[in-house]
Each structure stands twice: as structure tokens, then as C-alpha cells.
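Everything quoted here is computed from the prediction, not taken from an experiment.
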Amino acid sequence: MNLNIIKKQTLCLLAACGLVSLQAYAQLSATPSVVCNADGTVTFRYHNDHARQVLVDVQFAGRNPMQRDSLTGLWTATLGPAAPDMYPYCFIVDGVSVMDPENPQYFPNEGFKSSLLEIPGGGSLPHDICDVPHGRIEYVHYYSKAIGGTNNAVIYLPPSYQTDQQKRYPVFYLISGTTDTEEVYYKVGRVNYILDNLIASRQAKEMIVVMPYGNPTKLQPARAEGDGMPQTRFGGDPFSRDLIGDLMPFVEQNYRTQNNRDHRAIGGFSRGGNQALYNGLTHLDRFGYLCSYSSFTSTDIPDVYDHADETNRQIRLFWLGVGTDDFLYGNARDYMQFLDDKGIRSVKVLTTGRFGHTWMNAKYFLAQTLPLLFNKKAAEAAMRSAQPAPAATGSEPQFTPGVMARLFPRPIVSPDYGEQGVTFRFKAPEARQVLLQCEMQPDPIAMQRDSDGVWAVTLSDYLFDTYRYCFLVDGTPVADPCNMWLSPDRGFKYSVADNPASPFNFASQGDIRHGTVSYDLQRAEAWYVSPMPRGTMTIPRMIQLVPGEGDTMESWFKVGGADAIADRLLADGKTKPCVITTSTMEFMQGMPQMPGFEPKVLRADDYPTWTLRRRALIKLLLDLGREPAPSFQGMGGFGD
């Protein structure tokens, strides 16, 4: 049975998920860590009694020292003024980068860990959260033959998708940059809010946006490309093979899409722009709209650049944007000139004053291109009015192997799972002491420093357990900068140790069907709908997972692995189809209850660690699999 029909039946009393600002979370402290002042300046506050020196590093102002108040213990700095927008920032504590422990918003990334500052625009910014109909965000997992395992994507569905069950939609494949995860175009790029606003004002077509993970080999236990180094090779690579051979078929089988060149677009930021252009240009039979944000791609693509008339005929929109202060500007400008020399039409947009290679630019480029997608007249008008590439000055920055090595040094692997156990590593040459603190140990564990300033410790136990951990660097808690998995807590964000070889980790699950997770930020609820047996009418069981103190609606899934556990047990025939939610499910009150169909409830605070919480969920799902089917008496008409 179609997954969308199941959702409609199961969630029939819910409105379509409205997405609003994460500012809806309650303040964690009587003294907020970030205050946007009326004069446009921003005041940062940070409490740390162990620190000798603290800096605040924010994208609009760089690194600046903070001053400590001896009475309150707060380190403070006021910077700016700054233009309304979203800016990554962190604190530098005695030389070590630390996220803001009081801020629930953070930048999803494989490596660096930053919090997000949002200076509101009062409705003037493309990504402002306005009183308009909002689309839905879904997190999906699918089996990828290209990487030999499970891959991830985030999918935006426009506001009418839930209400108009007959309509089919064009699709925009949107890829984020080097070291970014599939969440970044949602949580930082705000593509959903930008599109919500443009659709509401009739400036953009309704569309589905698919946000893949650009470095999928990093998800697998045996990494095929350089031990997790950012993927920089294009053409025949795992990402490209996954995109064309696995992700696109998955999307077209599970969502109501229009499947032809005029209704597919592809674009991306930085490395994602390179991936987008390469795959678009080598599959012009599939993509009619191509967008590059702060990027460029290969000038050696057969049958594209030397056949300008045919290439121009196939491309509806070829859009290139870059900042003149971007470190990739020289390469991007050269690519624009190359296209002009070959006679291939392209729109070229240059910006200044948006901090170069940043997500402020990426959001601006999105707002410029979304109105042109799947709009032949608007796209053709933009192409006709396109200007030639700017003249070279000889002083443009170029992206060389040396720049690549400086920006992306070979990463330290942590946690590192091996036959002897799991090893944690953290580079801090100037630190006097580094300890590992984790849920599974009552006391922190001392780590040892090597000659390169890398601290390490190996745990022989807990190899297949899942737990939160952090490093204590001279007394300061620090998330593991080498681990992309963060616990989405309300306060300090711990890293998550989760062995990719575990049967309840997506990486090891093989070719099975997966459910879908969606987040409703307005109600602070998460919903998981399991895959349903094909060709049958099945009413799924309801399970309520109550977050613990300090958890968010994401915690039961991103740390508790509720979706991965349910997927695995269902695939093994050990449980039954279910809907898992963190909702209080007040909407269930007054509904007829079937015997055996009452919601099952699991409270996180009844268990001291995530390992025990996960075991309790496994037991609940196994018990569910042994229960008899519920009676359908009195439920006539459900699912009709």
C-alpha cells in the first residue's frame, strides 16, 4: 500500500505539519546566551569557571575576546551591528572550539560544531517564518546499491501535498556542501521557509525538494574513499551512482512526482554545486534546470561543451552564482568564461558583502533561483538577459590542492570501532588534561596524549551499545569534532557513539524497507510511520515515546534510534506495523478505542541511559509482535 495513503489514514486528525521557528523552545536560562539588541548589535554570554581565555567566533565579526565578570562568572562580548540573517558562531575556550550549550539551534556538519544565531528580519528576509501555509519535512532512509548500504535524505513537500492527493509535482534535487549533512539546506539554508513564502505569494511553483547526503560513503563501516575524507571526485563515484540509480527511483516510487526533464531540477552549494552540475550536464535527458551556488564543475564532459546548440536546446535554465569575495571566485569566474567561449548560455550572478563562501550567500541564491524553476517563460527571460562573464583581473583567488589541504586536513577518526574496542580521539596540543565522559561510566576516564597532541582512550566494553559522550578539556565539556552524530539536547549537545555494525544502526541493515520520520516544530512533535505490508489494509499500532528531561522531540530518533529499531524488527517479522510519536496524542481523546489498540507508552526518564531506553523500546516492539491482531468492530469506514 502507498505510504502516503497510510499516513493519511493514520494521521487523519492531524493538520499538515506546520513548521515554525525553533525559537519556540523555552529559554534554558534566566540569562539568555545571545541577545539581539535594538541597535543591531548582538551580546554573547557564556559561563565557564574553568576557562583562562574565551573568544567568540561569529561569521559577521570573526574572532573577538570576551570579558569575564568576576561576580556572575559570565564571559560577555557585544559585537556588530550586523544585518538581519543567520550566522554560525561558537566560543573558543583556551584554544578549543565549543558550541553554545544554551542554544538549541546548531549547524549540522561532519566536522566543525557551531551554534546558529538568527537576527530576525521582521518579514524582510526570504527565509523569515511568516504566517503562510507551511510545507512538510520528512526524513527518509533507502537502500543504496551504489554504496552497498542505507543512505539518508531530507524531503520537503509543499503545503498542498497532503490535501491534494491527485496532484503530481516537479522535483528539485538540492545538494549541500563539503562536510555538510543532508539536514543543512533545511536547518541552515531554510529552503522550506523560502519556498513557503514564495509559493504563498505566487512567485514560485509548488515543488518537492530532495536533499541528499553528498558524502554517503562516510556512512558505511568500510569506507571506500579515504577514511571519511570529503568526496571530491565526480563521475562514476558512489554519490553520482546513488543519485541516479537509487535515490531518484526511490523518490519517484514513493512520492507523486512528474518524471521528465522539464520537471526535474538539480542544484547545490560548494561541492554540492559541483555534484549538481556534473550530474545534470551528464544527464540532460533527465534534468532541464541546473543551478550552481558558489561552485563550478569539470570542463571535460563529452558531448556537452562541444555541442553548444544541442546543449542550449536541452537546458531550460543554467544558473551560476558566486560571491566576488568567495575563495572559489576565480575558479567559478573561469568556468563562466569557459561556457561563454563554448557558446553555452548561462545566467551569472555575482554578490559582494555576503561574507563570501557562506550560507548567507546560499540562501540568497536560493531565493533568486526558486522562482525560475519549472517556469519556462521566467527561465527563458533570465537566460536571454544573461550577461557575459566578468573580465579576469589576474588577482582572483584560485582553489588549489594546497587550499584544499588547508581547509580540509585529513580527519582524525573518532569514535573508531575495531576488534579491540572503540577508540576515542581528540586533538588538543595545548590542553593539560582531557577526559572521556560517557553515560556508561560513573566517572570520567583519563585520555593519553601522543606526540602530535592527539589524546586517545580505548573502551573494550560497550562495543555495540549506543550512548552519549563528550570530552572534558581542562574541565570544559566539548562535543567530539570528528563525530557527525550529535544528541539534539536542549542544553549541551553530547556526541553519540553508535557502532555502524550494530543491527539497529541504519548502516548495517541491508536492503530492507524503511519508514519515514517527520518533525512538527509547531507542536514540538516527531512522527514515525513504519513501512506497511504491500497490498493489504493494515492499521498500525500506536506507540508514544515521552522525551526525558533535557531531550527534544528529535532525541528518541537521533539517539534512541526508534525508527531504525522498528525498521529492523519489522523486516525480521518480529513486530507489527506501527506509528511512533512523541506527541501527547490529545487528538486521540474521544476516539473509539479498539481492544488491544490502546497506545503503548514508554517514558525516557524511567531509564538512566540511552542504552537502557533502547532496550526497553526493543522489548516493547517484540511484545507488540506477539500480540493478537486488534478487533475492528465499531471502526467501520476507517481507511475508506
Exercise. What is the minimum heavy-atom distance between Asn361 and Gly356, and which atoms define it?
Worked result: ND2-O, 2.8 Å
Problem set entry | Min side-chain heavy-atom separation Ile266-His283 under 4.5 Å | no
For this session: Considering non-hydrogen atoms only, spot the tightest contact between Cys578 and Ile543 and give its length.
Result: CB-CD1, 4.4 Å
Exercise. Is a side-chain N or O of Ser487 found less than 3.5 angstrom from the main chain of Tyr494, in a donor-acceptor match?
Worked result: no
Exercise. Less than 4.0 Å between a side-chain N and a carboxylate O, is that true for Asp306 and Lys342?
Worked result: yes
Problem set entry | Side chain proximity check, Lys376 to Tyr289, heavy atoms < 4.5 angstrom | yes
For this session: State yes or no: are the ring centers of His263 and Tyr169 separated by less than 6.0 Å?
Result: no
Problem set entry | Any donor-acceptor N/O pair, Arg513 side chain to Met532 backbone, under 3.5 Å | yes
Exercise. Taking atom NZ of Lys113 as the centre, does the number of heavy atoms from other residues, nucleotides or ligands within less than 6.0 Å exceed 12?
Worked result: yes
For this session: Starting from the C-alpha separation in whole Å, work towards a yes-or-no answer on side-chain hydrogen bond (donor to acceptor under 3.5 Å, both in side chains) for Ser495 and Asn483.
Result: CA-CA 7 Å; Ser495 296; Asn483 185 353; 4.6 Å; no
For this session: Working to the nearest 0.5 Å, report the span between CD1 of Ile194 and CD1 of Ile129.
Result: 11.0 Å
For this session: Give a yes-or-no answer on whether the side chains of Asp300 and Ser298 include a donor-acceptor pair shorter than 3.5 Å.
Result: no
Exercise. For Lys574, does the NZ atom sit with more than 12 other heavy atoms under 6.0 Å from it, leaving out its own atoms?
Worked result: no
Exercise. Does the side chain of Asn215 pick up a donor-acceptor pair with the side chain of Glu110 at under 3.5 Å?
Worked result: yes
Problem set entry | Shortest non-hydrogen contact between Leu281 and Ile315, atoms and distance | CD2-CD1, 4.1 Å
For this session: Assess the side chains of Ser240 and Asp237: does a donor N or O sit below 3.5 Å from an acceptor N or O?
Result: yes
Exercise. Where the side chain of Arg568 meets the backbone of Phe504, is there a donor-acceptor pair that is under 3.5 Å apart?
Worked result: no
For this session: Applying side chain to side chain contact (heavy atoms under 4.5 Å, CB included), run through Asn254 and Thr516 and close with a yes or a no.
Result: CA-CA 11 Å; Asn254 289 280; Thr516 299; over 6 Å; no
Exercise. So, does Arg190 use its side chain to make a donor-acceptor pair with the main chain of Asp128 at under 3.5 Å?
Worked result: no
Exercise. About how many Å separate CG of Asp180 and OG of Ser270, when rounded to the nearest 0.5 Å?
Worked result: 7.5 Å
Problem set entry | Pairwise distance CZ(Arg541) to OG(Ser530) - rounded to 0.5 angstrom | 10.5 Å
Mind listing the side-chain donor-acceptor pairs of residues 140-148 below 3.5 Å, one per line with the distance, residues two or more places apart or on another chain?
| residue | atom | partner | partner atom | Å |
| --- | --- | --- | --- | --- |
| His141 | ND1 | Asn152 | OD1 | 2.8 |
| Tyr142 | OH | Asn151 | ND2 | 3.1 |
| Tyr142 | OH | Asp242 | OD1 | 3.3 |
| Tyr142 | OH | Asp242 | OD2 | 2.7 |
| Ser144 | OG | Ala146 | N | 3.4 |
| Ser144 | OG | Ile147 | N | 3.3 |
| Ser144 | OG | Asp242 | OD1 | 2.7 |
| Ser144 | OG | Asp246 | OD2 | 3.2 |
| Lys145 | NZ | Asp246 | OD1 | 2.8 |

Exercise. Do Leu570 and Pro531 touch side chain to side chain, with heavy atoms closer than 4.5 Å?
Worked result: yes
Exercise. Is the number of heavy atoms from other residues, nucleotides or ligands under 6.0 Å of Arg313 CZ greater than 12?
Worked result: yes
Exercise. To the nearest 0.5 Å, how far apart are OH in Tyr193 and NE2 in His134?
Worked result: 7.0 Å
Exercise. Between Asp563 and Phe506, is any pair of side-chain heavy atoms under 4.5 Å apart?
Worked result: yes
Exercise. Hey, is the main chain of Thr179 close enough, under 3.5 Å, to the side chain of Asn109 for a donor-acceptor pair?
Worked result: yes
Exercise. Distance from Leu125 atom CG to Asn197 atom CG, nearest 0.5 Å?
Worked result: 10.0 Å
Seminar exercise, completed: Closest heavy-atom pair, Pro415 versus Val413, reported as atoms and distance to 0.1 Å, is O-CG1, 4.1 Å
For this session: Using the side chain to side chain contact (heavy atoms under 4.5 Å, CB included) rule, take Ile618 and Leu621 through it: C-alpha gap first, then chi angles, then the decisive distance, then the call.
Result: CA-CA 5 Å; Ile618 292 169; Leu621 287 166; 6.0 Å; no
Exercise. Is a salt bridge present between Lys187 and Glu554, judged by a nitrogen-to-oxygen distance below 4.0 Å?
Worked result: yes
Exercise. What distance do Arg264 atom CZ and Met248 atom CE have between them, rounded to the nearest 0.5 Å?
Worked result: 4.0 Å
Exercise. Do Phe107 and Phe112 pass the ring-ring contact (aromatic ring centres under 6.0 Å, His included) test, and can you show the C-alpha distance, the side-chain angles, and the key distance before you say yes or no?
Worked result: CA-CA 8 Å; Phe107 195 121; Phe112 69 82; 5.0 Å; yes
For this session: Could you please spell out the steps behind the side chain to side chain contact (heavy atoms under 4.5 Å, CB included) verdict for Val191 and Phe172?
Result: CA-CA 11 Å; Val191 62; Phe172 182 24; 5.7 Å; no
Exercise. Is a side-chain donor or acceptor of Gln162 paired with a backbone partner of Pro159 at a separation under 3.5 angstrom?
Worked result: no
Problem set entry | Polar contact flag, side-chain donor to acceptor under 3.5 angstrom, Tyr173-Gln275 | no
Problem set entry | For the student: nearest non-hydrogen atoms of Ser294 and Val322, plus distance | CA-CG2, 4.1 Å
For this session: Kindly indicate whether the side chain of His357, heavy atoms from C-beta on, has any atom under 4.5 Å from the side chain of Leu328.
Result: yes
Problem set entry | Asp567 side chain vs Ile512 backbone, donor-acceptor pair below 3.5 Å | no
Exercise. Which residues satisfy the ring pair (Phe, Tyr, Trp, His ring centres under 6.0 Å) test with Tyr185, sequence neighbours excluded?
Worked result: Trp359
Exercise. Are Tyr519 and Tyr139 close enough, and set up right, to give a ring-ring contact (aromatic ring centres under 6.0 Å, His included), and what steps lead you there?
Worked result: CA-CA 9 Å; Tyr519 295 106; Tyr139 284 59; 5.1 Å; yes
For this session: Determine yes or no for a side-chain-to-main-chain donor-acceptor pair under 3.5 angstrom, with Asn505 supplying the side chain and Ser502 the backbone.
Result: no
Problem set entry | Parallel, tilted or perpendicular: ring planes of Trp319 versus Tyr293, cut at 30 and 60 degrees | perpendicular
Exercise. Can Arg316 and Asp262 be said to form a side chain to side chain contact (heavy atoms under 4.5 Å, CB included), step by step?
Worked result: CA-CA 8 Å; Arg316 297 287 184 187; Asp262 281 345; 3.1 Å; yes
Exercise. Going by heavy atoms in the side chains, are Leu366 and Pro126 under 4.5 Å from each other?
Worked result: no
Problem set entry | Glu252 with Arg168: basic N within carboxylate O range, under 4.0 Å | no
Exercise. Do the side chain of Ser176 and the main chain of Thr181 share a donor and acceptor less than 3.5 angstrom apart?
Worked result: yes
Exercise. Are any of the side-chain heavy atoms of Phe557 and Ser555 separated by less than 4.5 Å?
Worked result: no
For this session: Please identify each residue that fulfils side-chain hydrogen bond (donor to acceptor under 3.5 Å, both in side chains) with Tyr305, with sequence neighbours left out.
Result: Tyr335
For this session: Flag the pair Pro170 / Ile208 as yes when at least one side-chain heavy-atom distance between them is below 4.5 Å, and no otherwise.
Result: no
Exercise. If you look at every heavy atom in Tyr255 and Glu138, which pair is closest and at what distance?
Worked result: OH-OE1, 2.7 Å
